[in-house]
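We name chains A, B, ... by the order of the sequence lines, and we start the count at 1 in each one.
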Protein chains: 2
Amino acid sequence: MAITIRDVAKEAGVSAATVSRVLNNSGYAHEDTRKAVLDAIHKLNYKPNEVARSLFKQKSKLIGLILPDITNPFFPALARGVEDQLREEGYRLIIGNSDEHLEQEIDYLDTFIQHNVVGIIASVNEAHSDMLKNLNIPVVLLDRTIESLPAVYADQFEGGKLAARKIVELGCKEITIIRGPVEVKPVYERFVSSFQTLRQAGVKINVFDSKLSFQGASNSVKTLFDKYPNTNGILACNDIVAVAVMNEAQRTGRRIPEDVQIIGFDDISICEIVYPGLSTIRQPAYEMGAKAAEIIIKKVKQEVLPNIHCKLPVQFVERESTRKVGD
Amino acid sequence: MAITIRDVAKEAGVSAATVSRVLNNSGYAHEDTRKAVLDAIHKLNYKPNEVARSLFKQKSKLIGLILPDITNPFFPALARGVEDQLREEGYRLIIGNSDEHLEQEIDYLDTFIQHNVVGIIASVNEAHSDMLKNLNIPVVLLDRTIESLPAVYADQFEGGKLAARKIVELGCKEITIIRGPVEVKPVYERFVSSFQTLRQAGVKINVFDSKLSFQGASNSVKTLFDKYPNTNGILACNDIVAVAVMNEAQRTGRRIPEDVQIIGFDDISICEIVYPGLSTIRQPAYEMGAKAAEIIIKKVKQEVLPNIHCKLPVQFVERESTRKVGD
DNA sequence: GTGAAAGCGCTAACAT
DNA sequence: ATGTTAGCGCTTTCAC
């Protein structure tokens, strides 16, 4: 059917082993044979069968990626970072959405292993991470992390603090923190950090709960201003929720930022195109993905690193949903 | 290292061939041996090596998916549809973003083949589709399609017409169509259809160009109202552009929908959370992905279908960026 | 009904 | 410097 290494061997008048050697730059090969082989490869447009390679070597060029839900714009940004970095090194990505279901995570993990993936990058909740520890291939956690495994993530405490500080500096007196699901660690951390910071600042604090998804956020947020009509500063757990809040604010006749200031979290692309532009805490999602890919590649290449925890910096991105009172 | 079929065979006191038979429900197996084998499998937690299977059978359980850019929210919706449908049947997804670069598409295609994928789902521009025709595995085009290959897509002409009709019905007299890149076929088609429909309606038509991406749309759109200050109805080539336009409209002091009405295209999640909510032409992205997956599976199973072109319906989703004048 | 043997395409000893 | 051989884990004839 397809062209095999034997076809190339025949064409070049050598053995399959020789072709393999020039292909992999392993062992000796006379310059002339080398040329002949390369010519044959070119002529037949031969592409080695990765499956056969994988079977023999017990390792593929595949990396498994498990994400909660690619439909949430933060994750595609991570995924692109991973993919672009991986491609450079000849690796490919098998991707799986878990929808936060343990069962699906396990399912994907199993099939990743069955496909001889050489490494796994995953974003899972703490409670789900057990099976990741017993894998005998490298694992790097991304965004959602746990202590005992290598990880790449953004500085949630700093982010939470930054957001809180800003909203206080901006002059808000009654601040509502919108807390996402507490099972999602980074989201919980930013909440805690914001809360503590606000506490110290001595402002009035409200806590309001919301889902993270589009649908969920939109619903959750509807009662926000009924419950806290006088809130003039809002810290949202992510940008989606923040945009939903902006919507609700405007719907109830509030001006942004004059009446309510809003700060999001993540800096997904939407922030820049909504009106008014959404001020937010930027997580370098793409870079996080790329970093995770870089680490996994190093591990695959046996460069044994310590249990590395790579914390990337966040930053406040100022747009129009915030403005210093009096400016 | 990992548990192989031989381990199971030993455990069950049978040969590997027998294990294989019960595993695949092929050939005979005495009920008792069957049970013994199943027990052994369970006891050892054996999972067959898909790579070995793939090598022997010359076909894997992998499907390749090529998308322009997963960072554009329309595509994750497609991808989820594909993935969810595929998972049900035990298939897994290798995913690649092409960024519309022919080179990257070819690159991914090559490595898909090298990994023995059994089918490919792709969203590529017409000019890039040549190499897809010469593959000897099933291909289904998704969203961006060409005549000569099986395809799943939404009815762009109907969508374009619908949008145009609506904006006229709504009472707009000077309508601006924002045209995306003409190389992107569905985008071009909806433009043509809108344009024709508007033509027949005898309203004043402006045509304005924009990129499709967040960044691109945001920039492109900045001069829109300088150029057409009196436009009171806008047909955007996609929702991202539409939101960027809403931004620009509000920035220039226009009220939506009182001063300008805006209709987007796609119905991505953002539409629902922005303020005001964006009226749009809905493409059933998730269903499109699922349908493409369904077709590719059928083809993989040799159910030879004709060169199927599956056109899914679009619909107008009314939100707050449009309102009948006088209402 | 079950086992032995061959082979998918490749690579890594081991010979030569 | 190159070829021969064996084997990665699986499935499928083909004997029995």
query: Just how far, in rounded Å, is P of C:dG9 from NZ of B:Lys59?
result: 15 Å
- line: Side-chain atoms of A:Pro48 come closest, of C:dC10, D:dT2, D:dC10, to C:dC10
message: Nearest to the side chain of B:His30, heavy atoms from C-beta on, is which of C:dG1, D:dT2, D:dC10?
response: C:dG1
query: Does the pair B:Arg92/A:Asp107 count as a salt bridge with the N-to-O cut at 4.0 Å?
result: yes
query: Are A:Ser20 and C:dA12 close enough that a side-chain N or O sits under 4.0 Å from OP1 or OP2?
result: no
task: Figure out the CG/P separation between A:Leu55 and D:dA6, and round it to whole Å.
output: 18 Å
Rounded distance (Å) that lies between atom C1' of C:dA15 and atom OH of A:Tyr28: 15 Å
- request: Just call it for B:Ser54: base, sugar-phosphate, or nothing, with non-hydrogen atoms closer than 4.0 Å on any strand.
  value: nothing
- prompt: Is B:Glu50 paired with B:Lys61 through a side-chain N to carboxylate O contact shorter than 4.0 Å?
  reply: no
- prompt: Just how far, in rounded Å, is P of D:dG7 from CG of B:Asn49?
  reply: 18 Å
- request: Pick base, sugar-phosphate or nothing for A:Ala17, based on heavy-atom distances below 4.0 Å to the nucleic acid.
  value: base
field: Criterion side-chain hydrogen bond (donor to acceptor under 3.5 Å, both in side chains) against B:Asn125, the qualifying member of B:Glu183, B:Lys185, B:Glu105, B:Glu100
entry: B:Glu100
task: Tell me which of A:Ile5 and B:Phe56 sits closer to the 5' end of DNA chain C, going by the nucleotide each one is nearest to.
output: B:Phe56
- line: Of the candidates C:dG9, D:dT12, C:dA12, the side chain of B:Gln58 sits closest to C:dG9
message: Just N and O in the side chain of A:Ser15: are any of them under 4.0 Å from OP1 or OP2 of D:dT4?
response: no
- prompt: Is the CD atom of A:Glu31 crowded by more than 12 outside heavy atoms at less than 6.0 Å?
  reply: yes
- prompt: Is the shortest side-chain N/O distance from A:Asn24 to OP1 or OP2 of C:dT11 below 4.0 Å?
  reply: yes
- prompt: How close or far is atom C1' of C:dC10 from atom NZ of A:Lys47, stated in whole angstroms?
  reply: 17 Å
Gap between atoms NZ and P, on A:Lys57 and C:dC8 respectively (whole Å): 21 Å
- prompt: Please give, in whole Å, the distance from C:dC10 P to A:Asp7 CG?
  reply: 9 Å
message: Taking the minimum atom-to-atom distance to the side chain of B:Arg21, which one of C:dG3, D:dA1, D:dT11 wins?
response: C:dG3
- line: B:Glu50 atom CD is separated from C:dC8 atom C1', nearest whole Å, by 15 Å
- prompt: Does A:Ser26 place a side-chain N or O at less than 4.0 Å from the phosphate oxygens OP1/OP2 of C:dT11?
  reply: no
message: Is it the case that the side chains of A:Arg80 and B:Thr71 hold a donor-acceptor pair, with the cut-off being a distance below 3.5 Å and no angle test?
response: no
- prompt: Does a side-chain N-to-carboxylate-O contact under 4.0 Å join B:Glu294 and B:Lys298?
  reply: yes
query: Counting side-chain heavy atoms from CB outward, which of D:dG9, D:dT11, D:dA1 is closest to A:Thr33?
result: D:dA1
message: Does B:Val51 reach a base, just sugar-phosphate, or nothing at all? Heavy atoms under 4.0 Å.
response: nothing
